[in-house]
Number of protein chains: 2
Amino acid sequence: MQNSIQKLFPNFSSELISDIEKNASEQDFKAGTILMRTGQYIKNTILVTKGKIKIYREGEDGGEFLMYYLQPGQACAISMICATKSEKSQIMAKVVEDVSVMMIPLNLMDKWMMEHKSWYEFVIETYKNRFEEILEVVDSIAFRSMDERLEFYLKRHSDACGCTEVKLSHQEIATELNTSREVISRLLKKMEQRGLVKLNRNQIELLKINS
Amino acid sequence: MQNSIQKLFPNFSSELISDIEKNASEQDFKAGTILMRTGQYIKNTILVTKGKIKIYREGEDGGEFLMYYLQPGQACAISMICATKSEKSQIMAKVVEDVSVMMIPLNLMDKWMMEHKSWYEFVIETYKNRFEEILEVVDSIAFRSMDERLEFYLKRHSDACGCTEVKLSHQEIATELNTSREVISRLLKKMEQRGLVKLNRNQIELLKINS
DNA sequence: AATGTGCAGTAACATTTGTCACATACGAGA
DNA sequence: TCTCGTATGTGACAAATGTTACTGCACATT
């Protein structure tokens, strides 16, 4: 376990790592599990060591508007902040690929911020990155039309998984962009005609989106 | 000056306040001044003691999508985050009502985080609040149509200024919601018919939005 | 092979939002 | 009072997006 933490979080000091080992509990969750719901109290901060978690905002109509993904070596920025006052969560977190996480009791957050410089820097860095990511998301919905948002979405997806195949149904994409399947089908078709993607069953191959 | 800091930031310890007095420079800016541009390097953190600053995201077409307002007793969350690594700003900050601000050199950020518990708590609290505010903004554009967004916008505005009159032209509102004046006029008219607002020249009076 | 089920394609239409053109209203000076 | 500039109202139309309703396809199960 120590090795994996050191590998995934290379900036953590060895004192911090041993503190994590002493206090955190490692847990596994299956794909589909909802780790956090809007309105629920947050009791832990999460460090991801394996798998993928989707952080999203739930609409009244059941839309699951994607904010960002949590992957190995990352932490939930929102839980870190809210944790400091054991606030209610404002977002939903759902496991999309079986995960292993380190659960860190929230009362250690403040303590470690003071004691471990490397923890402090990690938290600030995490926060900054997520803030910027959300700003980009805001841009994309505020200023762009659906076809551009779809391209942006596919690009983020392939960036996140490091591959050029996106294994999602049109319906799933539609849900995450809060639109309907038909619209996504239409737009993907157009993108295929423009030579940007290749459509297969349950899989979209990105060709030129890497710009 | 000391009095006003103490009043506006009641949770600051007296040591922190005296540190602020020693190191921060107080500056005034006229309405219309742009304090920060996208892509510009951030050199200071800002505490607002008077006036109002608009934090927004600029679109390619000149749209000024409102993120939130900074008011007395508040600080720029983004500058605090980015400051820690002297990063580039991702947002625009424009003075909308003549302001007085305390400019705090960024190198003190990290130092004070460690030394002053009340500063640490203030920073975390600020992040948290802004993050939540932006999540609400995301909700409003992701899930709501223009008429609901307009109501949300007016409500935020009156919350921010603590009054029921919004002194903005339709054009200004349109810019901040990234739509056109005609659309705003239309929707406001409908809202007036529903008895939600009363329209006057350069001023919108909110009647029932306080729900 | 027959069937069921989920995914994708598509046409037709409704609704929302954006754009253009122009009319009108109001207030500040000359 | 007249006039000019800015703010607002409004109809007509265009474009984007959402909705409905149906078709066909691929795969798994029987």
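So you know, we letter chains A, B, ... as the sequences are listed, proteins then strands, and number each from 1.
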Revision key, fill the gap. Between A/Arg144 and B/Asn200, the residue closer to the 5' end of DNA chain D by nearest nucleotide is B/Asn200

Point to revise | 5'-most by nearest nucleotide on DNA chain D - A/Arg201 or A/Glu182 | key: A/Glu182

Starting from [atom2] on [N], measure out to [atom1] on [X] and report it in whole angstrom.
X	N	atom1	atom2	value
A/Asp61	D/dG18	CG	C1'	12 Å
B/Leu188	D/dT10	CG	C1'	14 Å
B/Ile184	D/dT8	CD1	C1'	13 Å
B/Glu172	D/dT6	CD	P	13 Å
A/Lys190	D/dA15	NZ	P	12 Å
B/Leu187	D/dT10	CG	P	13 Å

Can I get a per-line list of side-chain donor-acceptor pairs under 3.5 Å for residues 141-148 of chain B, giving both atom names and the distance, sequence neighbours left out?
from, atom 1, to, atom 2, distance (Å)
B/Arg144, NH2, A/Glu60, OE2, 3.3
B/Ser145, OG, B/Asp147, OD1, 2.8

**Study point:** side chain to side chain donor-acceptor pair (under 3.5 Å) between B/Glu176 and B/Tyr153, intermediate numbers included
**Key:** CA-CA 9 Å; B/Glu176 299 204 327; B/Tyr153 173 85; 2.4 Å; yes

Exercise for review: For B/Pro72 and B/Leu8, work out which heavy atoms get closest and say how close.
Suggested key: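 Smallest heavy-atom distance, with atoms named: CB-CD2, 3.8 Å.
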
Revision key, fill the gap. Min and max contacting nt of DNA chain C in 5' to 3' order, chain A heavy atoms within under 4.0 angstrom, are C/dG6 to C/dA12

Review point. Between atom CD1 of A/Ile53 and atom SG of A/Cys76, what is the distance when rounded to the nearest 0.5 Å?
Key: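 These two atoms lie 8.0 Å from each other.
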
Review point. Touch check for A/Asn202, heavy atoms < 4.0 angstrom, all strands: base, sugar-phosphate only, or nothing?
Key: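 Touches sugar-phosphate only.
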
Exercise for review: Just call it for A/Ser180: base, sugar-phosphate, or nothing, with non-hydrogen atoms closer than 4.0 Å on any strand.
Suggested key: base

Practice item. Could you tell me how the ring of B/Phe9 sits relative to the ring of B/Phe12: parallel (under 30°), tilted (30 to 60°) or perpendicular (over 60°)? Key: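 Judged by the thresholds at 30° and 60°, the geometry between B/Phe9 and B/Phe12 is parallel.
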
Review point. Angle class for the A/His157/A/Tyr69 ring planes (parallel below 30°, perpendicular above 60°, tilted otherwise)?
Key: perpendicular

Review point. Does B/Arg181 make a side-chain donor-acceptor contact with the base of D/dG9, cut-off 3.5 Å?
Key: yes

Check your understanding: If you take atom types as modelled and just measure distance, does the side chain of A/Arg186 reach the base of D/dG18 with a donor-acceptor pair under 3.5 Å?
Key ->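 By the distance-only test, yes, there is a pair.
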
Practice item. Would you please say whether a donor-acceptor pair under 3.5 Å links the side chains of A/Ser100 and A/Asp28? Key: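 Yes, A/Asp28 and A/Ser100 have a side-chain donor paired with an acceptor closer than 3.5 Å.
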
Practice item. Could you tell me whether the phosphate oxygens of D/dT6, OP1 or OP2, come under 4.0 Å of any side-chain nitrogen or oxygen in B/His170? Key: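 Indeed not, no polar side-chain atom of B/His170 lies that close.
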
